[in-house]
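Report on one structure; see the data block that follows.
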Amino acid sequence: MSSATKDHAGLSDIFNKDEARVDWHDETLWFVRAKRDKAAHNLPEWESLRETASLIKNNVLSNLYNYLVEFETQAQKNGITVHWAANAEEHNRIVHGILKAHSVNRLIKSKSMLTEECHLNEYLKNNGIDVIDTDLGERIVQLAQEPPSHIVLPCIHKKKEEIGELFHEHLGTPKGMADPLFLTAAAREHLRETFLTRKAAITGVNFAVAETGEFVVCTNEGNADMGAHLADVHIACMGIEKIIPKRTNLGVFLRLLTRSATGQPITTYSSHFKKPRPGQEMHIVLVDNGRTTQLSRPDFRNSLKCIRCAACMNTCPVYRRSGGHSYHTAVAGPIGSILAPNLDMREYADLPFASTLCGSCSNVCPVKINIHEQLYKWRQVIVKEGYADPKKKLAMKAMEFTLSSPFVYKNAGKAGRWFMKHAPFTVNNKLNLWYQQREMPEVPQQSFGEWYKKNKKA
Amino acid sequence: MNVGLFIPCYIDQFYPNAAIATLNLLSKLGITVKYPVNQTCCGQPMANSGFEHLTQGCNELFIDNFAEFDYIVSPSGSCVLHIKDHLHSPTAEEKASGIRKKVYELTEFLTDVLKVDKLSARFPHKVGVHQSCHGQRGLMLAQMTELVAAPFSKPLQLLKMVEGLELVELSRPDECCGFGGTFCVAEEAVSVKMGKDRVADHVNHGAEYITAADMSCLMHMEGILRRQNSKVKVLHIAEILNAE
Ligand code: SF4
């Protein structure tokens, strides 16, 4: 990927070269969104559930420190070793340290977006440790040497024929075989053996309960359980915002999470981990990695309520037509576009602009994050901090000059509908980006202002 | 009732007919409307591009032009939303906040303030309605499909009063058209694809016209329809509600 194209617009342009694929991607995700609608509409109390979840998360964000300390105390009582990581690097080092202490050089992992965010696989690989992702989607992108393109459906950008091809190459399935059932069975076969031979397992965390020191992992395939139960060492990695106060809060989130994600009433497995079984070691790594910075930005702190259901991605008309990889960050889509600039404003300056601000994301979000308003606010911050395109800056200055004065505006209009001349979003100096695939509006003989002057008293 | 007509810059320059229809429709309903001739633009293109700090000139001008009115009405949901959400002034904040409260998009003014329950309009055609996002989700002109709540739509409520008009059902009733202000050029590929898909939903369901309470979305879809040499036309909702 050349750095010249590494922004959302450039990467989406590439994705859009294959229109049939865009259609397929869009329709697949729209299907998921429609399933979500059905599931939500089946619960008359849906909106009050959302409100409750949002309030619980507000409480969490206001008392984060206390809940984390409570969790640590309880977890330690349960026999779990608790680690704290300030950033991705420290997280990776901690995980590596645990593995080294047990002389483990091969491990299995079940879906964790946090480890993606921290680039753990790469780090471990560079340190001679072999990681196998056990969830089917994750495994597929791992074989393809690609990052996930979606936080719940990591290989949603791949067609079954492409997956068949990958499996043929890596797992020895027959060439041309693209039957999903067959491929799933083949992957299972291959993974079963992995489960039995790996000593350490990493899982993510969906919810960590402060009151009890336990954590909950939600999956559909059961691989997290299989990995964690068979391994001698279970390492769970979580962002510090995953904490919830009490066990009784779980009902609210478990009801919202999967309905929002895939339209299922609940995940197939909602596994509670509270203490290591005899002879097993259980570790939990609590990771900040920019979260406290985000917490300190009043306009953006709400983004930490996110429970990673991906509903905002499925509903986002831009995401559906640009693909997850166009966001060039671990968490794609609308919420990723808010989280990423917090980590690196320069690298992700393009993402808050990758939206029409249609607002569908905010209204689909089960914890009521004001996503599109935060995108608007990031744009202001990014421009103020000097990460805007200089050409755009000049154009905006010209616009300010023209629009602040009725005299200049009218004359510019008369001189050939100023929009065509000065506004970058109708006419660009070198290339008219509007005109490439759209006709320009037909220019009327007179503006409304001119008509009004002639026909009504001014 | 002292009503000020706010005609956004792109309607003034490119779609005077939508503005004239708005004016005539309001007059027909017995409202005397005044058009402050020194207005330019609400400043939204700058603000949505991250340059809200450059909009002060536009804001002051807007306040000078419109502070005196009881109501301000505009045929563009998106510009109204911008004024409602972002019009501020360091020197005249009281006037600014007054304006934020009394600015209305045309269809909500008709349904909520004038409480129009019949119209003498006739438009014997198949029409697809594009529920523009800023109007729908921002101003709540219509219920959105994401929420679990009773459906309603102010534009549809009005269109149902038009004689001979046949509404077409869409597969995706509230999908964004992809205009998005500067988004339409900054993200050209995705914007165009969104526009093509939006247009196709209307065309495939037999629409002869696509209408909306926001001319900017229509401008985008018109650009695509005309490039496709389609016979389907766009018309601002005011032009339909005013058709005889
Ligand atoms: S922001 Fe909301 S909708 Fe998006 S993934 Fe997070 S919880 Fe889900």
Side-chain angles (χ1 to χ4, degrees), chain A residues 8-9 12-13 16 22 26 37 40-41 43-44 46-47 315 317-318 321-322 353-354 356-360 363-364 376 379-380 382-384 388 392 396-397 399-400 403-404 406 409 413 417 419 423-425 428 433-434 436-441 443-444 446-449 451-453 456 458, chain B residues 7 9-17 19-20 35 37-41 43 45-46 48-55 57-58 61 133-134 137-138 144-149 172 175-176 178-190 192-195 197 219-220 222-224 226-227:
Chain A
H8 186 270
S12 324
D13 195 31
N16 272 270
V22 178
D26 167 56
D37 290 352
H41 284 266
L43 294 187
W46 183 256
E47 297 304 330
T315 206
V318 175
R321 292 177 186 80
S322 58
F353 296 89
T356 60
L357 305 180
C358 78
S360 181
N363 294 297
V364 89
Y376 176 89
R379 295 181 184 188
Q380 313 305 327
I382 282 164
V383 167
K384 275 230 175 88
K392 194 153 126 194
M396 289 294 156
K397 282 269 178 211
M399 215 188 253
E400 180 197 20
L403 298 175
S404 299
Y409 168 79
R417 306 287 164 244
F419 247 96
F425 65 92
N428 187 292
L433 285 166
W434 175 280
Q436 284 183 356
Q437 302 185 67
R438 290 165 286 217
E439 292 296 319
M440 301 291 288
V443 179
Q446 56 187 354
S447 70
F448 174 71
W451 175 90
Y452 190 83
K453 214 167 153 187
K456 310 266 158 177
Chain B
I7 298 300
C9 53
Y10 71 98
I11 295 185
D12 176 40
Q13 296 292 325
F14 290 141
Y15 297 99
N17 289 342
I20 295 168
Y35 173 71
V37 292
N38 280 338
Q39 58 182 296
T40 60
C41 166
M46 290 178 274
N48 277 8
S49 306
F51 292 79
E52 202 184 318
H53 59 284
L54 295 185
T55 58
C58 281
L61 195 57
C133 308
H134 284 181
R137 299 195 180 86
M144 56 202 102
T145 52
E146 296 94 37
L147 292 188
V148 175
R172 298 183 189 181
E175 176 99 323
C176 175
F179 172 64
T182 47
F183 180 88
C184 73
V185 293
E187 293 263 357
E188 191 258 351
V190 181
V192 167
K193 181 62 183 145
M194 288 169 71
D197 291 354
M219 170 168 81
H220 176 53
E222 180 186 55
I224 287 167
R226 285 186 36 225
R227 180 60 60 94

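In this structure, CD1 in B:Ile11 is found 12.5 Å from OG in A:Ser447, a value given to the nearest 0.5 Å. To the nearest 0.5 Å, atoms CZ (A:Phe448) and CD (B:Gln39) are separated by 8.0 Å. Taken from CZ in A:Phe353 to CG in B:Asn48, the straight-line distance is 10.0 Å, to the nearest 0.5 Å.
For B:Met144, the part sitting under 4.5 Å from any heavy atom of chain A is the side chain, from C-beta outward, and nothing else. Contacts between B:Thr55 and chain A at a heavy-atom distance below 4.5 Å are absent for every atom of the residue. For B:Glu175, the part sitting under 4.5 Å from any heavy atom of chain A is the side chain, from C-beta outward, and nothing else. For a residue to count as touching a neighbouring chain, one of its non-hydrogen atoms must lie under 4.5 Å from one of that chain's; by this rule B:Arg137 touches chain A with the side chain only. For A:Asp37, the part sitting under 4.5 Å from any heavy atom of chain B is the side chain, from C-beta outward, and nothing else. For A:Ile382, no part lies near chain B; criterion is any non-hydrogen pair under 4.5 Å. Both the backbone and the side chain of A:Asp13 have a heavy atom closer than 4.5 Å to some heavy atom of chain B. Interface remark: B:Ala19 contributes backbone and side-chain atoms alike to the contact with chain A (heavy atom separation under 4.5 Å). For a residue to count as touching a neighbouring chain, one of its non-hydrogen atoms must lie under 4.5 Å from one of that chain's; by this rule A:Tyr376 touches chain B with the side chain only.
No side-chain donor-acceptor contact under 3.5 Å links B:Tyr35 to the backbone of A:Tyr452. Side chain of A:Arg321 to backbone of B:Val192: no donor-acceptor contact under 3.5 angstrom is found. A donor-acceptor distance shorter than 3.5 angstrom exists from the side chain of A:Gln380 to the backbone of B:Glu52, with no hydrogens or angles considered.
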CA sep, side-chain torsions, deciding dist, call: B:Val37, A:Lys453, side-chain contact (heavy atoms from CB on, under 4.5 Å):
CA-CA 8 Å; B:Val37 292; A:Lys453 214 167 153 187; 6.0 Å; no
Test side-chain contact (heavy atoms from CB on, under 4.5 Å) on A:Met440 and B:Phe14 and set out the steps.
CA-CA 10 Å; A:Met440 301 291 288; B:Phe14 290 141; over 6 Å; no
Under the criterion side-chain contact (heavy atoms from CB on, under 4.5 Å), I'd like the reasoning laid out for A:Ser12 against B:Lys193: C-alpha separation, chi angles, the key distance, then a yes or no.
CA-CA 11 Å; A:Ser12 324; B:Lys193 181 62 183 145; over 6 Å; no
Start with the C-alpha distance between B:Glu188 and A:Arg438, add both sets of side-chain angles, then the distance that settles side-chain contact (heavy atoms from CB on, under 4.5 Å), and finish with yes or no.
CA-CA 10 Å; B:Glu188 191 258 351; A:Arg438 290 165 286 217; 3.8 Å; yes
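Of the listed residues A:Pro44, A:Ser322, A:Gly449, the one with more heavy-atom pairs under 4.5 angstrom with chain B than any other is A:Gly449. Note on B:Gly138, B:Pro16, B:Gly43, B:Gly50: by heavy-atom pairs under 4.5 Å with chain A, the leading option is B:Gly50. When the candidates A:Glu439, A:His41, A:Glu47, A:Arg379 are compared by the number of heavy-atom contacts under 4.5 Å with chain B, A:Glu439 comes out ahead.
Residues B:Val148 and A:Leu43 come closest through the heavy atom pair CG1-O, 4.1 Å. Considering all non-hydrogen atoms of both residues, A:Leu357 and B:His134 come closest at O-NE2, 3.3 Å. Nearest heavy-atom pair, B:Val185 versus A:Trp434, reported as atom, atom and distance to 0.1 Å: CG1-N, 3.8 Å. Contact detail for B:Cys176 and A:Thr356: the closest heavy-atom pair is SG-OG1, 3.2 Å.
With sequence neighbours excluded, no residue satisfies side chain to side chain donor-acceptor pair (under 3.5 Å) with B:Asn17.
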